[in-house]
Every structure is written in structure tokens, then in C-alpha cells.
Amino acid sequence: AADIYSKDELYRTQINQLDQIVYMYNMIITSLNAVEEPLIIDSIKKMDSILESGISILQWKSIKVNDFISRSLKIVEDVYKVVNKMKNDLQKTKDALEEFNKPLIERKIKSVQPDEYFTTHQASMNQNHNNIKIIGAGIVKLIKETNDCVKSNKKGKAWQEYQEYINDVMIESISKAICTSLKTLNEFVDMNKKRDLNYYPWFEINVQLVKDKILFYPEFQENDDGLS
């Protein structure tokens, strides 16, 4: 008992370090999905190999306990940092894609001439296209950083499947953005909203009576599909 008491501070330090190892290890194992784990499977196997002696061989009185804890803490911490980098890059990618999830079409608080609207709309679309290029370049950079971190063969199956996973994330986000814009457009042309006292027409059309003709500005042209 006296011997244990004399090593109280040592045991406390060892327990704290072991708690850190357990916490980080559990986070690694539980947070990786089916396409992420293969990217660092070699590191996980190496980590498990080092930890095995602490499970099946070493005891508190073993002379190699401190060496085991130091080696285990180092390998687990290294893998933990890699996993965190992967997760952070993925979240940054999702956050960047969320920038797309806004209506690509807008209405002013008053009716406007069609020419005026389309000029403003075109400027807005040009800005959106520029933003898409910037966001796309940022996502490509994040994916490269992830690959540099996990050191995965770009032509290997694990990395190819991870890229497909990222593609699915991007497709889902873009589809969500398209639905948002379509929903907004549908609300703009919803005929039921005409009953709202605060409703105002989207476009301003001028009507003039010239002799026996009714003229519209902008002009309406009739084609096979109807008026345009």
C-alpha cells in the first residue's frame, strides 16, 4: 500500500494519459464512415497493434508502461489529427455548397419593366457564376488537402470511392439548391397570391390605344406555343 501511495502522482498522470488515448481512439473508430475508414486503414492497424500490448500483456507494475503510454499516445494522436482534418474538410465542403442553396431569381418590392428586370437578373447571374467558380476552386483545394493528409493513392480504390462519396454530397447539395430556386419561382407565379391585398405584379406592362389597335410595351409576340 505504501508503495502504491508513493507513486500516486505517477499513476494519476498515467490514468489521465490513458483517458486521452481512450477518448481519441473511440472518436476515431466511431466517427469514420464506410468510405473514410479505408483511407487510413493502415494507420488504424498500426495503432491497434501498438495498443494490443496494453490490453493483453502489460500491467501497472510492468517496467514498460510509460513507454507503452508514450507510443500509444503518439500514434493515436496522429491518427486523431488526420481524422479531424478529414472531417473538417468535409464540413467546410458542405458549408461551401450551402452557399448555393438560395434563390437564383429575385423580385423587387415593386413591378418593373421586363428589360430592367432582365438586365438586373443577368448581372446577378454573372455574379453567381463567379461565386460558383470561386467555391468550386475552394472545394478542389480542400479535397487535395484531404488526400495529402491521408496520403492515399489517387488511383486506388479507396480514394476513388471517397471521391464518389464527395460527388454524391455535391449532387445532393446542388439538387437542394435547384429545388429552392424552383420553389421560389413557383411562389412568384402562384395565382392564388393575387387575392393578397399586398400582391403586386412581377412585371410592368404599358398598354396604349392607338387608333383602333391596342399596343403593349414590351410587345407581345404570338408563336406556336402562344404569346411571348
Side-chain angles (χ1 to χ4, degrees), residues 17-56 68-105 124-185:
Q17 291 175 327
L18 289 170
D19 284 342
Q20 291 180 49
I21 292 171
V22 170
Y23 171 78
M24 289 188 291
Y25 182 86
N26 288 338
M27 286 293 292
I28 293 167
I29 299 303
T30 59
S31 65
L32 292 173
N33 61 37
V35 294
E36 292 170 333
E37 183 176 345
L39 295 176
I40 58 170
I41 190 63
D42 291 340
S43 296
I44 292 176
K45 289 180 178 178
K46 182 180 179 181
M47 177 177 65
D48 287 342
S49 176
I50 292 175
L51 292 173
E52 178 60 29
S53 61
I55 298 173
S56 59
F68 162 76
I69 292 177
S70 296
R71 292 173 62 227
S72 299
L73 187 59
K74 176 68 169 60
I75 183 66
V76 174
E77 192 173 42
D78 287 346
V79 178
Y80 180 76
K81 287 179 180 179
V82 171
V83 172
N84 264 350
K85 174 61 176 172
M86 290 172 60
K87 293 295 185 180
N88 287 338
D89 286 349
L90 177 60
Q91 187 58 52
K92 288 178 181 178
T93 297
K94 290 180 177 179
D95 291 342
L97 290 169
E98 188 62 27
E99 290 294 316
F100 295 156
N101 189 28
K102 58 184 179 181
L104 295 179
I105 191 168
S124 176
M125 290 301 297
N126 291 340
Q127 182 62 49
N128 285 331
H129 289 161
N130 185 57
N131 290 339
I132 289 171
K133 291 180 181 179
I134 293 173
I135 292 172
I139 291 174
V140 170
K141 182 174 181 291
L142 287 170
I143 295 174
K144 182 180 182 303
E145 289 179 2
T146 298
N147 183 268
D148 291 342
C149 184
V150 300
K151 297 179 174 61
S152 178
N153 180 4
K154 291 183 179 180
K155 295 183 180 179
K157 180 181 178 182
W159 183 250
Q160 295 294 326
E161 290 182 347
Y162 184 75
Q163 284 188 304
E164 289 181 8
Y165 169 66
I166 296 297
N167 285 339
D168 289 341
V169 170
M170 295 181 67
I171 290 171
E172 181 180 354
S173 296
I174 293 172
S175 298
K176 182 180 177 182
I178 292 173
C179 289
T180 296
S181 287
L182 289 176
K183 180 181 178 181
T184 302
L185 178 59

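Numbers here simply count residues along the sequence, with the first being 1. Note that the coordinates shown come from a computational prediction; the quantities given were computed from them, not determined experimentally.
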S.K.: I need the Leu32 CG to Ile41 CD1 distance, nearest 0.5 Å.
M.R.: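 The CD1 atom of Ile41 is 9.0 Å from CG of Leu32, to the nearest 0.5 Å.
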
S.K.: Quick check: do Lys85 and Lys81 have side-chain heavy atoms less than 4.5 Å from each other?
M.R.: no

S.K.: Measure the shortest side-chain to side-chain distance between Val82 and Ser43 over non-hydrogen atoms and say whether it is less than 4.5 angstrom.
M.R.: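 No, every pair of side-chain atoms sits at 4.5 Å or beyond.
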
S.K.: Tell me, please, which residues at least two apart from Asn131 pass side chain to side chain donor-acceptor pair (under 3.5 Å).
M.R.: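 Here the qualifying residues are Gln127.
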
S.K.: Give the C-alpha distance, both sets of side-chain angles, the deciding distance and a yes or no for side-chain contact (heavy atoms from CB on, under 4.5 Å) between Lys183 and Thr180.
M.R.: CA-CA 5 Å; Lys183 180 181 178 181; Thr180 296; 5.8 Å; no

S.K.: With a 4.5 Å cut-off on side-chain heavy atoms, are Glu36 and Lys87 touching?
M.R.: yes

S.K.: Work out which heavy atom in Lys141 is nearest to a heavy atom in Glu145; give both atom names and the distance.
M.R.: NZ-OE2, 2.6 Å

S.K.: Please lay out, stage by stage, how Leu73 and Met24 fare under the test side-chain contact (heavy atoms from CB on, under 4.5 Å).
M.R.: CA-CA 9 Å; Leu73 187 59; Met24 289 188 291; 3.8 Å; yes

S.K.: Under 3.5 Å, is there a donor on one side chain and an acceptor on the other for Gln91 and Asn88?
M.R.: no

S.K.: By salt bridge (Lys or Arg N to Asp or Glu O under 4.0 Å), which residues pair with Lys94, not counting sequence neighbours?
M.R.: none

S.K.: Do any N or O atoms from the side chain of Thr93 and from the backbone of Asp89 form a donor-acceptor pair under 3.5 angstrom?
M.R.: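 Between the backbone of Asp89 and the side chain of Thr93 there is a qualifying donor-acceptor contact (under 3.5 Å).
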
S.K.: Can any side-chain N or O of Ser152 pair as donor or acceptor with the backbone N or O of Leu39 at less than 3.5 Å?
M.R.: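 No; judged by distance alone, with no hydrogens or angles, the pair does not exist.
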
S.K.: At their closest point, which heavy atom of Thr30 faces which heavy atom of Asn26, and how far apart are they?
M.R.: OG1-O, 2.6 Å

S.K.: Between atom SG of Cys179 and atom CD1 of Ile174, what is the distance when rounded to the nearest 0.5 Å?
M.R.: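 Answer rounded to 0.5 Å: 12.0 Å.
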
S.K.: Any heavy-atom pair between the side chains of Thr146 and Trp159 that's under 4.5 Å?
M.R.: yes

S.K.: Tyr25 and Asp48: side-chain donor and acceptor closer than 3.5 Å?
M.R.: yes

S.K.: Determine whether Asp42 and Lys46 satisfy the following criterion, salt bridge (charged side-chain N to carboxylate O under 4.0 Å, His left out), listing intermediate values before the conclusion.
M.R.: CA-CA 6 Å; Asp42 291 340; Lys46 182 180 179 181; over 6 Å; no

S.K.: Taking atom CD1 of Ile139 and atom CG of Asp95, what is their separation to the nearest 0.5 Å?
M.R.: 10.5 Å

S.K.: Nearest heavy-atom pair of Asn33 and Tyr165: which atoms, and what distance?
M.R.: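 Minimum heavy-atom separation between Asn33 and Tyr165: ND2-OH, 3.4 Å.
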
S.K.: Where do Phe100 and Ile135 come nearest, in terms of heavy atoms and distance?
M.R.: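 Closest approach of Phe100 to Ile135, heavy atoms only: CE2-CD1, 3.6 Å.
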
S.K.: With a 4.0 Å cut-off, would you call Asp148 and Lys144 a salt bridge?
M.R.: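 Answer for the salt bridge query: yes.
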
S.K.: Measure the spacing between CG of Leu104 and CD1 of Ile132 and express it to the nearest 0.5 Å.
M.R.: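 CD1 of Ile132 is found 7.0 Å from CG of Leu104.
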
S.K.: Distance from Ser175 atom OG to Asn101 atom CG, nearest 0.5 Å?
M.R.: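 If I round to the nearest 0.5 Å, the distance is 11.0 Å.
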
S.K.: Would you check if Glu172 and Lys176 make a side-chain contact, meaning some heavy-atom pair closer than 4.5 Å?
M.R.: no

S.K.: Within a strict 4.5 Å, meaning less than it, do heavy atoms of the Met170 and Ile166 side chains meet?
M.R.: yes

S.K.: Using 0.5 Å steps for rounding, measure from the CD atom of Glu37 to the OG atom of Ser31.
M.R.: 10.0 Å

S.K.: Grab the two heavy atoms, one from Pro38 and one from Ala158, that are nearest each other, plus how far apart they are.
M.R.: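 Shortest heavy-atom separation between Pro38 and Ala158 comes out as CB-CB, 3.9 Å.
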
S.K.: Is there a side-chain contact (heavy atoms from CB on, under 4.5 Å) between Val150 and Met86 once you walk through the steps?
M.R.: CA-CA 8 Å; Val150 300; Met86 290 172 60; 3.5 Å; yes

S.K.: If the condition is side-chain contact (heavy atoms from CB on, under 4.5 Å), which residues does Ile134 pass it with, not counting sequence neighbours?
M.R.: Asn130

